[in-house]
Amino acid sequence: MTAAVTTVDLGLYPDLQRYGAKDISACFSCGTCTASCPLSQTDSTFPRRIVRYAQLGMKDALLSSKELWSCYQCGECAETCPTQADPSEFMAAARRYTIASYDRTRIARTMYTRPVLGTLFAVLLAAFFALFMYGAHGPQSGESLAIFEFIPEKLIHNTGIVVMILVFLAGLSGVLTMARRIAGREGVGWGSLFGSRAALGRTARAGWSAIGRESLAQTRFRQECDADPEPVAWYRRRWLVHALTVWGFLGLLAATLLDYGLALVGIKETGAPVPIWYPVRLLGTVAGLMLIYGTTVFIIERYRAANRSVKQSTTADWMLLGLLWVTGVTGFILELALYLPEAPAWGYWVFLLHVAVAMELVLLAPFMKLAHAVYRPVALFFIALAQTSREGGA
């Protein structure tokens, strides 16, 4: 029998520091973080095992760790750490490092480790989309806000399709890389997923747990990881603000796709005024309000460093919140402008800004913190699969 060989990367720890990890050399694996972590009931080595990977240069183990993504950065471990190694912030930095490692374009690495260059890239990307759209602009009607006469609808849709294809390919590449690494480490193959009726049952339950209970309903986040030493009003609870932001973004994306689909089948022309109770408009309005509220609270909380989870903020954190907020606010202002009795000239420029920023937000999604919306469910699936397998074998 051949023993497994572990490759040690001496540059792992210094590289992680470039992604925001503090000096964790003080960590001596005492286990205090494990004792205080609300997610460690079934794992006596979480999260200190992840820290140990970094200390020992175990890059492959770190990149194939499913537990890394189960952390909701509540900050409890940072508060109780006797050496102030701040394992909570280390976990966040390790996730940034992992996102960049899964990305073959190196865009994510630039966004996280070179904030000035990353910010300049984001500004130039938004300017590119704005100038590209404006290059085909038409007249600005004064009688009504004819936004698709100003910027052709076909150009926006075709550009959006190209952006979605690029995002899908980049996201798929990262997800497949992640899944292959975790599956290899966990010994999960096609047979253990789909090889029998029992395997199919375990896979289905794990999928429901990862997507339904954890990603959408945020069960463990609500029940175990939203504690705070001081009472917090219900409308500022982390899980609620996070849920409103996620559901708001997904709702706006769904409303956009539905609006486009209705135009394709000839039911409703894109941008045509409809009553507030029209399903697609109502969905977009509610989702927009959710996104604006969620991102606004997040921005205020980060600015004030109001709780343990937001004591440290990176440029990439602010950039993502800024893009989400601008997308939501400009979309809401544009919706109001469409129903004003006279067409405001500024409505056309708000529309151009909204389209440019929305395109940029979607295109950068696989390379920013928003990527965890895809990576986390994959990791949670493997965590749930391991749990269901243990329960089935018990």
Student: Who are the side-chain contact (heavy atoms from CB on, under 4.5 Å) partners of Glu79, not counting sequence neighbours?
Tutor: Arg308, Lys311
Student: Tell me if the centroids of the rings in Trp69 and Phe381 come within less than 6.0 Å of each other.
Tutor: no
Student: Please collect all side chain to side chain donor-acceptor pair (under 3.5 Å) contacts where either partner lies in residues 148-162, sequence neighbours excluded, each pair once.
Tutor: Glu153-Thr270
Student: Transitively linked via ILVMFWY side-chain contacts under 4.5 Å: Val374 with Trp208?
Tutor: no
Student: Taking the six-membered ring for Trp, are Trp239 and Phe221 ring centroids under 6.0 Å apart?
Tutor: no
Student: Using distance only, find each side-chain donor-acceptor pair of residues 282-292 under 3.5 Å and give its atom names and separation, not counting sequence neighbours.
Tutor:
residue, atom, partner, partner atom, Å
Thr285, OG1, Arg281, O, 2.8
Thr285, OG1, Glu335, OE1, 3.3
Thr285, OG1, Glu335, OE2, 2.7

Student: Distance-only, no hydrogens or angles: does the Asp103 side chain make a donor-acceptor pair with backbone N or O of Ala108 under 3.5 Å?
Tutor: yes
Student: In Å and rounded to the nearest 0.5 Å, what is the CE to CG distance from Met319 to Leu370?
Tutor: 13.5 Å
Student: What residues form a side-chain contact (heavy atoms from CB on, under 4.5 Å) with Ile165, not counting sequence neighbours?
Tutor: Ile161, Leu169
Student: What's the spacing between Leu12 CG and Tyr53 OH if we round to 0.5 Å?
Tutor: 12.0 Å
Student: Measure the CZ-CD1 distance between Arg180 and Ile182 for me, rounded to the nearest 0.5 Å.
Tutor: 11.5 Å
Student: Please check if the side chain of Thr203 supplies one atom and the backbone of Leu193 the other of a donor-acceptor pair under 3.5 Å.
Tutor: yes
Student: Check side-chain contact (heavy atoms from CB on, under 4.5 Å) between Phe298 and all other residues, then give those that pass, not counting sequence neighbours.
Tutor: Val241, His242, Thr245, Leu321
Student: Quick one: closest heavy-atom pair of Ala21 and Ala93, and the distance?
Tutor: N-CB, 3.3 Å
Student: With ILVMFWY side chains joined below 4.5 Å, transitively, what does Leu253's cluster contain besides itself?
Tutor: Leu257
Student: Would you say Cys71 and Pro47 make side-chain contact, with heavy atoms under 4.5 Å?
Tutor: no
Student: Ignoring hydrogens and angles, write down the donor-acceptor pairs under 3.5 Å from the side chains of residues 119-147, residues two or more places apart or on other chains.
Tutor:
residue, atom, partner, partner atom, Å
Thr119, OG1, Pro115, O, 2.7
His137, ND1, Tyr134, O, 2.7
Ser141, OG, Glu143, N, 3.3

Student: Quick check: do Tyr97 and Leu68 have side-chain heavy atoms less than 4.5 Å from each other?
Tutor: no
Student: Are Leu216 and Val175 joined in one hydrophobic group, where the rule is that I, L, V, M, F, W and Y side chains link up if heavy atoms are under 4.5 Å apart?
Tutor: yes
Student: Can you pull out every ring pair (Phe, Tyr, Trp, His ring centres under 6.0 Å) where at least one residue sits in residues 175-197? Sequence neighbours excluded, please.
Tutor: Trp190-Phe194
Student: Shortest non-hydrogen contact from Val362 to Val167?
Tutor: O-CG2, 3.0 Å
Student: Under the rule for side-chain hydrogen bond (donor to acceptor under 3.5 Å, both in side chains), what residues qualify as partners of Tyr19, not counting sequence neighbours?
Tutor: Arg109
Student: Between CD of Gln312 and CD of Gln73, what distance do you get to the nearest 0.5 Å?
Tutor: 9.5 Å
Student: What heavy-atom pair brings Arg185 and Ser64 nearest, and what distance separates the two atoms?
Tutor: CD-OG, 3.0 Å
Student: Could you go through Thr330 and Val357, starting from their C-alpha distance and side-chain angles, then the distance that decides it, and tell me whether this counts as side-chain contact (heavy atoms from CB on, under 4.5 Å)?
Tutor: CA-CA 9 Å; Thr330 55; Val357 174; 5.9 Å; no
Student: Any chance CD of Gln84 has more than 12 other-residue heavy atoms, nucleotides or ligands included, within less than 6.0 Å?
Tutor: no
Student: Hey, does the side chain of Arg205 reach the backbone of Ala384 with a donor-acceptor pair shorter than 3.5 angstrom?
Tutor: no
Student: Could you work out, with side-chain hydrogen bond (donor to acceptor under 3.5 Å, both in side chains) as the rule, every residue matching Arg104, not counting sequence neighbours?
Tutor: none
Student: Does any part of the side chain of Leu56, heavy atoms only, come nearer than 4.5 Å to the side chain of Tyr13, both counted from C-beta?
Tutor: no
Student: Kindly indicate, with the supporting measurements, whether the criterion side-chain contact (heavy atoms from CB on, under 4.5 Å) is fulfilled by Cys77 and Cys37.
Tutor: CA-CA 6 Å; Cys77 57; Cys37 178; 5.6 Å; no
Student: Please walk me through it: do Arg96 and Thr113 pass side-chain contact (heavy atoms from CB on, under 4.5 Å)?
Tutor: CA-CA 10 Å; Arg96 299 181 200 117; Thr113 63; over 6 Å; no
Student: Is Phe148 reachable from Leu264 through a run of hydrophobic residues whose side-chain heavy atoms are each under 4.5 Å from the next?
Tutor: no
Student: Specify the closest pair of heavy atoms between Gly174 and Tyr375, including all atoms of both residues, with the distance to one decimal.
Tutor: CA-OH, 3.4 Å
Student: Could you state the interatomic distance from CD (Gln218) to CH2 (Trp247), rounded to the nearest 0.5 Å?
Tutor: 9.5 Å
Student: Distance-only, no hydrogens or angles: does the Tyr102 side chain make a donor-acceptor pair with backbone N or O of Leu63 under 3.5 Å?
Tutor: yes
Student: For Val280 and Ala255, which heavy atoms make the closest approach, and how far apart are they?
Tutor: CG1-O, 3.6 Å
Student: How about Phe382 and Met178: do any of their side-chain heavy atoms sit closer than 4.5 Å?
Tutor: no
Student: Just by modelled atom types, is the Arg213 backbone N or O under 3.5 Å from a matching donor or acceptor in the Thr219 side chain?
Tutor: yes
Student: Might you point out which heavy atoms bring Gly11 and Asp9 nearest each other, and give the distance in Å?
Tutor: N-OD1, 2.9 Å
Student: Ignoring hydrogens and angles, tell me if any N or O in the side chain of Glu67 forms a donor-acceptor pair with the backbone of Arg49 under 3.5 Å.
Tutor: no
Student: Which residues pass the side-chain contact (heavy atoms from CB on, under 4.5 Å) test with Ala198, not counting sequence neighbours?
Tutor: Ser196, Arg202
Student: Treating Ile, Leu, Val, Met, Phe, Trp and Tyr as nodes and any side-chain heavy-atom pair under 4.5 angstrom as an edge, say whether Leu336 and Tyr348 lie in one connected cluster.
Tutor: yes
Student: Is a side-chain donor or acceptor of Ser65 paired with a backbone partner of Ala61 at a separation under 3.5 angstrom?
Tutor: no
Student: Are the side chain of Ser70 and the backbone of Lys66 linked by a donor-acceptor contact shorter than 3.5 Å?
Tutor: no
Student: Working to the nearest 0.5 Å, report the span between CZ of Phe168 and OG of Ser173.
Tutor: 11.0 Å
Student: Within a reach of under 6.0 Å around CH2 of Trp277, are more than 12 heavy atoms found that belong to other residues, nucleotides or ligands?
Tutor: no
Student: Under the salt bridge (Lys or Arg N to Asp or Glu O under 4.0 Å) rule, collect the residues that match up with Asp317, sequence neighbours excluded.
Tutor: Arg302, Lys369
Student: Does the side-chain contact (heavy atoms from CB on, under 4.5 Å) test come out yes or no for Phe90 and Ile50, once each step is laid out?
Tutor: CA-CA 9 Å; Phe90 164 78; Ile50 312 297; 3.9 Å; yes
Student: In terms of hydrophobic clustering (I, L, V, M, F, W, Y; side-chain heavy atoms under 4.5 Å; direct or indirect links), are Tyr260 and Ile151 co-clustered?
Tutor: no
Student: Between the main-chain N or O of Thr32 and the side-chain N or O of Ser36, is there a donor-acceptor pair closer than 3.5 Å?
Tutor: yes
